[in-house]
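Report on one structure; see the data block that follows.
Note that the structure is a prediction, hence the values are computed from the model and not measured.
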Amino acid sequence: MPTDAATTTPRSETSGSQTLSRGLTALSLLADHGRQSIQSLADRLGVHRSVAYRLVRTLEEHRLVVRDAGGMLSLGPQLVVLARDVEHDLQSASLPHLQHLADELGMTAFLAVRDGDDAVTLVTAVPRGVNASVAQHPGHRHPIALGAPGIALQAMLDDATWRALGHDGPMHPEVERVRSRGFAVSANEVIEGITSVGAPIRSRGTTDASVAVVTVGQPDTEALGAAVQRTARAIEADLR
């Protein structure tokens, strides 16, 4: 019996799409969790080690993943080449201000952009002269429903857009405080023990962005809120 070509997907296309999806997921896992073994990556992907090995070999060939002498995997240099023109103006405008903020506060500062329903770290600045700080790698993503940078991005949406992203419930309670005081605060939402403070960057055309800092303990969130707002305004001024 003939099949309907318009509704039947060739097996090879399905397999190729699945392989591509797994490869992209592998890159995201390395961005989120850092260096790991092939077995660890296979476990996170939910596939056999042999499948993960084939994925890694392909990614290595394109320099998207590199493997050290001990067999540990990390993101490769080709990703830098691919990413250099992504929001180039925003990266260029934000980096010096983020570095100033990180050095001023002694905390990791970063800029996140909204990708659908996720907040994705675009640029990170680590404080100089500080022995230890909370890591926040470019490419890290988490739902905008959680965390100060995500909440700051939520505050830039209207209710219709929020629902269109698939949310039946209301926005985070902190959103109203962002709209009234200018910054968001969250603790223990994305990572246990971590506090983040973020502020929206407005006048960005079609890309929503926010600036944030992350730290441990119970910081002075009012002082951090004032600092991230100053940074957000400075970045906005450079983008005009």
Which atom pairs, one a donor and one an acceptor, fall under 3.5 Å between side chains of residues 40-47 and the rest of the protein, sequence neighbours left out?
{"residue": "Ser40", "atom": "OG", "partner": "Gln36", "partner atom": "OE1", "Å": "3.3"}
{"residue": "Asp43", "atom": "OD1", "partner": "Gln39", "partner atom": "NE2", "Å": "3.0"}
{"residue": "Arg44", "atom": "NE", "partner": "Gln36", "partner atom": "OE1", "Å": "3.3"}

For residues 221-230, please give each side-chain donor-acceptor pair under 3.5 Å, one per line with the distance, not counting sequence neighbours.
{"residue": "Gln229", "atom": "NE2", "partner": "Arg181", "partner atom": "O", "Å": "3.4"}
{"residue": "Gln229", "atom": "NE2", "partner": "Gly225", "partner atom": "O", "Å": "3.4"}
{"residue": "Arg230", "atom": "NH2", "partner": "Glu104", "partner atom": "OE2", "Å": "3.0"}

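The salt bridge (Lys or Arg N to Asp or Glu O under 4.0 Å) search around Arg163 returns none, not counting sequence neighbours. Residues forming a salt bridge (Lys or Arg N to Asp or Glu O under 4.0 Å) with Asp220 (at least two apart in sequence, or on another chain): none. For Ser94, there are no side chain to side chain donor-acceptor pair (under 3.5 Å) partners at least two apart in sequence or on another chain. Considering only residues two or more places apart in sequence or on other chains, Asp168 meets the side chain to side chain donor-acceptor pair (under 3.5 Å) condition with none of them. Applying the salt bridge (Lys or Arg N to Asp or Glu O under 4.0 Å) criterion to Arg54, with sequence neighbours excluded, gives no partner residue. Annotation: salt bridge (Lys or Arg N to Asp or Glu O under 4.0 Å) contacts of Asp117 (sequence neighbours excluded): none. Residues meeting the side-chain contact (heavy atoms from CB on, under 4.5 Å) test with Ala152, sequence neighbours left out: Pro200, Ser210.
Taking 4.5 Å as the limit, every side-chain heavy atom of Ile151 sits out of range of all side-chain heavy atoms of Arg177. Between Leu111 and Ile201, the closest side-chain pair of non-hydrogen atoms falls below 4.5 Å. Inter-residue side-chain proximity for Thr108 and Pro127 is flagged as met; some heavy-atom pair is nearer than 4.5 Å. In this structure, the side chains of Glu174 and Val185 come closer than 4.5 Å at one or more pairs of heavy atoms. With a 4.5 Å cut-off on side-chain heavy atoms, Leu75 and Leu64 do not count as touching. Considering only heavy atoms from C-beta on, Met107 stays 4.5 Å or farther from Val214 through its side chain. Within the 4.5 Å cutoff, the side chain of Leu30 has no heavy atoms near those of the Arg35 side chain. Residues His142 and Val120 form no side-chain contact, since every pair of their non-hydrogen atoms from C-beta on lies 4.5 Å or further apart.
If you take CG on Asp118 and CD1 on Ile144, they are separated by 8.0 Å, rounding to the nearest 0.5 Å. Of the inter-residue distances, the one linking Ile38 atom CD1 with Leu55 atom CG reads 10.0 Å to the nearest 0.5 angstrom. Leu24 CG to Leu20 CG: the interatomic distance, rounded to the nearest 0.5 Å, is 4.5 Å. Rounded to the nearest 0.5 angstrom, Leu95 CG and Asp238 CG are separated by 11.5 Å. Distance check: Leu29 CG to Leu73 CG gives 11.0 Å after rounding to the nearest 0.5 Å. Between the CG atom in Leu165 and the CZ atom in Arg114 there is a gap of 5.5 Å [rounded to 0.5 Å].
Under a hydrophobic clustering in which Ile, Leu, Val, Met, Phe, Trp and Tyr are joined whenever their side-chain heavy atoms come within less than 4.5 Å, directly or via other members, Met72 and Val56 fall into different clusters. Both Leu27 and Val51 are part of a single hydrophobic cluster, where members link through side-chain heavy atoms under 4.5 Å apart. There is no path of hydrophobic side-chain contacts, each under 4.5 Å, that joins Val126 to Val211. Cluster membership for Leu59 and Val66, using ILVMFWY side-chain heavy atoms within less than 4.5 angstrom, is not shared.
Applying the ring-ring contact (aromatic ring centres under 6.0 Å, His included) test to every pair with at least one member in residues 92-126, sequence neighbours left out, gives no pairs at all. Legend: ring-ring contact (aromatic ring centres under 6.0 Å, His included) pairs involving residues 147-183, not counting sequence neighbours, sorted by first then second residue: Trp162-His167. The ring-ring contact (aromatic ring centres under 6.0 Å, His included) contacts involving residues 19-62 comprise nothing, where partners must be two or more places apart or lie in separate chains.
Here the side chain of Glu189 pairs no donor or acceptor atom with the backbone of Leu146 at under 3.5 angstrom. Listed for the Asp103 side chain is a donor-acceptor partner under 3.5 Å among the backbone atoms of Arg128.
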- Test Val113 against Thr121 for side-chain contact (heavy atoms from CB on, under 4.5 Å), laying out the working first. CA-CA 7 Å; Val113 294; Thr121 300; over 6 Å; no

- Message: Let's go through Glu60 and Arg67 carefully: what are the C-alpha distance in whole Å and the side-chain angles of both, what is the deciding distance for salt bridge (Lys or Arg N to Asp or Glu O under 4.0 Å) to 0.1 Å, and is it a yes or a no?
- Response: CA-CA 8 Å; Glu60 282 183 309; Arg67 191 171 2 175; 2.7 Å; yes

- Item | Derivation of the side-chain contact (heavy atoms from CB on, under 4.5 Å) call for Val178 and Gln154 | CA-CA 9 Å; Val178 176; Gln154 274 185 68; over 6 Å; no

- Determine, stepwise, if the pair Met171 / Glu176 fulfils side-chain contact (heavy atoms from CB on, under 4.5 Å). CA-CA 9 Å; Met171 295 186 190; Glu176 286 306 315; over 6 Å; no

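Residue Leu153 comes nearest to Ala112 through the heavy atom pair CD2-O, 4.4 Å, listed as atom of the first residue, atom of the second, then distance. Here the closest non-hydrogen pair linking Ala109 and Leu101 is CB-CD2, 3.9 Å. Residues Ser186 and Ala148 approach most closely at OG-N, 3.0 Å, considering heavy atoms.
Few gaps surround CD on Glu61; more than 12 heavy atoms of other groups in view lie less than 6.0 Å from it.
Checked by atom type, the side-chain pair Thr195/Thr215 shows no donor-acceptor distance below 3.5 Å.
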